[in-house]
Amino acid sequence: QVHLEESGGGTVQAGDSLTLSCVGTGPNFENYYMAWFRQPAGKEREFVSSISWSGSNKWYANPVKGRATISRDNVKNTVSLKMDNLKPEDTAVYYCAGKISGRGAYDTTAYDYWGQGTQVSVSS
């Protein structure tokens with residue numbers, strides 16, 4: 001079992017960059033496939049990016065492709081999401097999520113563990 005906690009959210013202007021961090025508390029962090037999701041106000045939670053157990057494989061949703069970089073450190077038990085050239089439509093609560101299986105990487109229901117979320121607000 002892993003407890004996840006996000007940090008790094010805030011209010012920024014369009015074009016700025018922001019790095020979100022998620023720390024996992026619990027054993028064997030390297031056994032968890034990790035991802036970032038986001039939920040704009042009044043909308044459903046959506047996939048942003050995911051990273052495989054060793055960090056060798058990464059996936060990005062089309063709206064953030066080319067602007068986002070996901071990474072992980074299995075020694076420090078962290079996963080990070082760096083977002084560049086932020087846009088107002090990136091405004092959302094961002095969640096860190098983890099699961100054992102690699103199936104259903106884009107599916108919120110496939111993830112067993114979630115952080116509490118961190119708000120990112122981008123002003124134009």
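Quick caveat: nothing in here was measured; it's all calculated off a predicted structure.
- Remark: side-chain polar atoms of Ser121 are not paired, donor with acceptor, to backbone N or O of Thr11 under 3.5 angstrom.
- Remark: the backbone N or O of Ala14 is not paired with any side-chain donor or acceptor of Ser123 at under 3.5 angstrom.
- Using a distance-only test at 3.5 Å, with no hydrogens or angles considered, a donor-acceptor pair links the side chain of Thr118 to the main chain of Gly9.
- The ring pair (Phe, Tyr, Trp, His ring centres under 6.0 Å) pairs that include a residue from residues 34-54 are Tyr33-Trp53, Phe37-Phe47, Phe37-Tyr111, Phe37-Trp114, Phe47-Tyr106, where partners are two or more places apart or lie in different chains.
- Rounding to the nearest 0.5 angstrom, the gap separating the NZ atom in Lys58 from the CD1 atom in Ile70 is 8.0 Å.
- Not counting sequence neighbours, the partners of Gln1 by the side chain to side chain contact (heavy atoms under 4.5 Å, CB included) test are Tyr113.
- More than 12 heavy-atom neighbours from other residues, nucleotides or ligands sit within 6.0 angstrom of CD on Gln116.
- The hydrophobic clustering, which links ILVMFWY residues whose side-chain heavy atoms are closer than 4.5 Å, places Val48 and Ile51 together.
- Tested against Arg67, the residues Asp16, Asp90, Asp84 include a single salt bridge (Lys or Arg N to Asp or Glu O under 4.0 Å) partner, Asp90.
- A distance of 5.5 Å separates CD of Glu6 from SG of Cys96, quoted to the nearest 0.5 Å.
- In terms of heavy atoms, Pro40 sits closest to Ala92 at N-CB, 3.6 Å.
- Here the OG-NZ distance, from Ser21 to Lys82, works out to 12.0 Å after rounding to the nearest 0.5 Å.
- By the ring pair (Phe, Tyr, Trp, His ring centres under 6.0 Å) test, Phe29 is found to be paired with no residue, residues two or more places apart in sequence or in another chain being considered.
- The cationic group of Arg45 lies under 6.0 Å from the six-membered ring centre of Tyr95 and within 45° of the ring axis, placing it in a cation-pi geometry.
- With contacts defined as side-chain heavy-atom distances shorter than 4.5 Å, the pair Val2/Thr25 does not qualify.
- Closest approach of Met83 and Ala68 over heavy atoms only: SD-CB, 3.5 Å.
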- Starting from the C-alpha separation in whole Å, work towards a yes-or-no answer on side-chain contact (heavy atoms from CB on, under 4.5 Å) for Thr19 and Leu81. CA-CA 6 Å; Thr19 298; Leu81 181 72; over 6 Å; no
- Task: Decide side-chain hydrogen bond (donor to acceptor under 3.5 Å, both in side chains) for Thr78 and Asp73; before the verdict, give the C-alpha distance in whole Å, the side-chain angles of both, and the deciding distance to 0.1 Å.
- Result: CA-CA 5 Å; Thr78 59; Asp73 185 329; 5.0 Å; no
- Task: Take Arg38 and Val64 through the test side-chain contact (heavy atoms from CB on, under 4.5 Å) and record every step on the way to the result.
- Result: CA-CA 11 Å; Arg38 67 186 183 186; Val64 304; 3.8 Å; yes
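- With rounding to the nearest 0.5 Å, the separation of CE in Met34 from OG in Ser80 is 10.5 Å.
- Taking OG from Ser124 and CD from Glu89, the interatomic distance works out to 10.0 Å, rounded to the nearest 0.5 Å.
- Between Arg103 and Lys99, the shortest heavy-atom contact is O-NZ, 2.6 Å.
- Annotation: the span from Tyr60 atom OH to Ser49 atom OG amounts to 4.5 Å, rounded to 0.5 Å.
- Taking the side chain as every heavy atom from C-beta outward, Leu18 and Val120 approach each other to under 4.5 Å.
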